[in-house]
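A short write-up of the structure that comes next.
Order of the sequence lines sets the chain letters (A, B, ...), proteins ahead of strands, with each chain counted from 1.
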Amino acid sequence: MPDDAKSVLCETEAEAPPGTLSEPFSWPNEGVARVPYRLFSDPEIYELEQQRIFRGSVWNFLCLEIDLPNAGDYKTATIGEIPVVVTRNENGDLHGMINRCAHKGALVCLKERGNAKMLRCVYHTWSYDLQGRLKGIAFRNGLNGKGGMPEDFDPANHRLEPFKVEAYCGIVFGTFSDATPPVEEYLGDTMAGFFKRSLGRPLKLLGMHSQIIHNNWKLYAENSRDSYHATLLHTFYTTFKLNRLDMDGGIILANDKWHHISFAKRHTLDEAAEYKKAEVHSAQYESKLDGSQLLDAWDEFDDGITHIIQSVFPCMAIHFTLNSLAVRFFAPRGVDETELFWIYLGYEDDTEEQIRMRVMQGNLTGTAGLVSLEDGCINEFVQRGTRGSADRNAFMEMGGRDVESSEASRATEVAIRGFWTGYRRIMGFA
Amino acid sequence: MNQLAGQRTTAEAMGTIPGIDSVSRQRIEDLLLDYAHTIDDGELASWPEFFVEDGIYQIIPREAFDAGHPLGILLCEGRGMMADRMLALETANIYEPHTYCHILGRPRLRADPAGGYKSRSNFEVIRTMQDGRSELFAIGKYLDRIVFEEGAPLLADRRVILESRRIDILLVMPL
């Protein structure tokens with residue numbers, strides 16, 4: 001570690017968030033163009049992230065609003081590694097709380113999803129209403145006048161630990177911090193605009209699966225912001241000469257840098273006569289594919305953008321490639337393990353033909369995705385490659401060293417530098 | 001009920017279940033075995049040949065299948081898409097080398113009123129990575145529709161229903 005590296009002793013700084021590291025952490029002088037490999041393997045830093053990020057001023061993806069259509073519906077999720085449950089109460093309001101009984105700490109909701117009038121812990125049958133308020137305790141007054149809770153026991157002091165939830169464009173987010181601004185403000189105008197473009201209509205779930213990737217969650221956060229690797233690692237497009245898919249585009253960063261949008265435009269569309277003539281299938285792609293129905297598509301928007309990846313700090317991304325729309329959510333499952341969820345969506349008013357095309361294009365992404373399956377192993381290769389090298393750094397100067405939007409080129413690592421800018425800020429690694 | 005089940009089993013064992021003669025049954029069972037062995041042997045370019053020209057192949061988690069969701073993990077319609085997949089995994093896709101070993105359960109066959117046969121069978125696939133690690137990679141059932149073309153059985157539709165919605169690392173070779 002360079003002698004002049006800025007040393008951050010978090011525990012001694014009055015303004016720093018809670019938590020300590022036994023080894024002080026130093027960010028290299030070069031700033032976010034360098035990332036110490038220690039960040040991917042240090043269990044203490046991983047623990048600190050649970051406090052500073054996942055319990056901090058961020059909106060965490062929880063579930064879809066359509067996961068909870070009816071009063072009494074509940075859905076379990078995780079924020080960082082914290083087990084949580086989202087409910088819809090009798091009035092139709094959404095509530096979020098830690099899925100941990102106020103008595104002994106057991107999980108309260110065991111099933112991934114369900115419908116209930118009360119949430120009841122199976123251990124000693126403490127029961128809570130759909131907002132998490134303690135409503136019933138077995139043997140509170142004891143049996144035959146003996147035992148029971150002390151007289152000063154007050155159920156109001158023992159509830160499921162709540163957190164704030166907000167549904168935005170069909171996505172349910174949760175935050176533990178009162179300081180987190182509303183979701184739209186958290187995203188910022190530009191990010192919110194793209195978010196609405198993708199998700200701002202009634203959604204329909206087309207399918208869901210997940211994959212375990214054997215790497216720290218931040219490596220996937222980097223990967224989903226890495227526009228540099230797309231045509232290099234994922235060679236399906238180039239191998240099959242799908243030259244209309246990898247048109248130039250750009251990167252837009254949120255004001256606070258930690259969310260991003262990568263987009264590509266089919267900008268030659270208007271110039272090609274054959275595309276003008278065609279109607280519904282005007283986005284047909286020429287290729288060397290035997291089964292060309294893989295890329296049956298239609299022009300869904302009139303802004304010419306045919307590919308978007310949008311990230312929302314900390315653990316969410318949305319892709320909209322041709323007509324394939326999915327929410328990706330990556331959940332930390334340990335310092336070197338992450339579960340990546342692929343939640344495929346269409347819209348409530350899709351025609352059968354449109355659903356068919358979305359389903360077919362689903363082949364491009366996911367754990368078996370023709371242009372994404374490499375991501376299942378590439379982050380693990382970094383995790384493995386950096387073992388025993390906690391004091392070394394990743395080098396990321398593609399596109400420069402700055403952290404500003406790059407609207408004309410995607411051959412840049414600026415969105416990754418943006419992620420680390422936000423990460424340093426919230427972790428207090430300034 | 002028990003009596004009927006007993007009769008059916010006996011009739012089936014004798015190859016006299018209506019619509020399935022013992023020779024056809026044997027050929028179907030060989031098809032299902034050859035399919036698995038072909039993948040296990042890494043002869044992936046031959047994989048589409050186990051299907052009819054417009055055959056359908058889908059891998060989908062049980063949860064999504066039971067919920068009636070159309071989108072699973074992988075979907076091929078026709079040998080062309082299957083061949084593209086196999087070409088992609090040999091020339092385009094990047095992943096750590098690994099092999100499969102399929103363990104198959106005995107298929108339950110029925111005549112399909114629409115023609116051909118329906119088959120349900122369980123499978124497990126053990127994946128071995130290049131570092132020597134062998135572990136259970138996938139478990140589930142095949143729901144198949146099998147037809148005879150020019151005397152040979154072929155898959156018209158194979159749904160691979162995975163017990164788990166969660167895949168370890170990635171899925172690139174067919175199951």
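Using a 4.5 Å cut-off between heavy atoms, A:L205 touches chain B through backbone and side chain atoms alike. In this structure, chain B has a heavy atom under 4.5 Å from the side chain of A:E380, while its backbone stays farther away. Proximity to chain B (any heavy atom under 4.5 Å) is shown, for A:E337, by neither the backbone nor the side chain. Residue contact with chain B, scored on non-hydrogen atoms closer than 4.5 Å, involves the backbone and the side chain of A:L233 alike.
Contact annotation for residues 166-175 of chain B against chain A (heavy-atom separation below 4.5 Å, listed by residue number): B:R166, B:I167, B:D168, B:I169, B:L170, B:L171, B:V172. For residues 69-77 of chain B, the interface with chain A (any heavy-atom pair closer than 4.5 Å) comprises B:H69, B:P70, B:L71, B:G72, B:I73, B:L74, B:L75, B:E77, sorted by residue number. Within residues 129-155 of chain B, no residue has any heavy atom under 4.5 Å from a heavy atom of chain A. For residues 45-61 of chain B, heavy-atom neighbours of chain A at less than 4.5 Å comprise B:P61, sorted by residue number.
Between the CG atom of A:L370 and the CZ atom of B:R85 there is a distance of 4.0 Å, given to the nearest 0.5 Å.
Not one N or O on the side chain of B:D84 forms a donor-acceptor pair closer than 3.5 Å with the backbone of A:L289.
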Stepwise, does the side chain to side chain contact (heavy atoms under 4.5 Å, CB included) test hold for B:M81 with A:N363?
CA-CA 10 Å; B:M81 284 191 77; A:N363 278 303; 3.7 Å; yes

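Between A:F341 and B:R165 there is a side-chain heavy-atom pair separated by less than 4.5 Å.
Between B:N93 and A:T235, the shortest heavy-atom distance links the atoms N-OG1, 4.5 Å.
When each of B:A67, B:A88, B:S164, B:A64 is checked for heavy-atom pairs under 4.5 Å with chain A, B:A88 comes out on top. The residue among A:M360, A:K204, A:M208, A:R358 with the most heavy atom pairs within less than 4.5 Å of chain B is A:M360.
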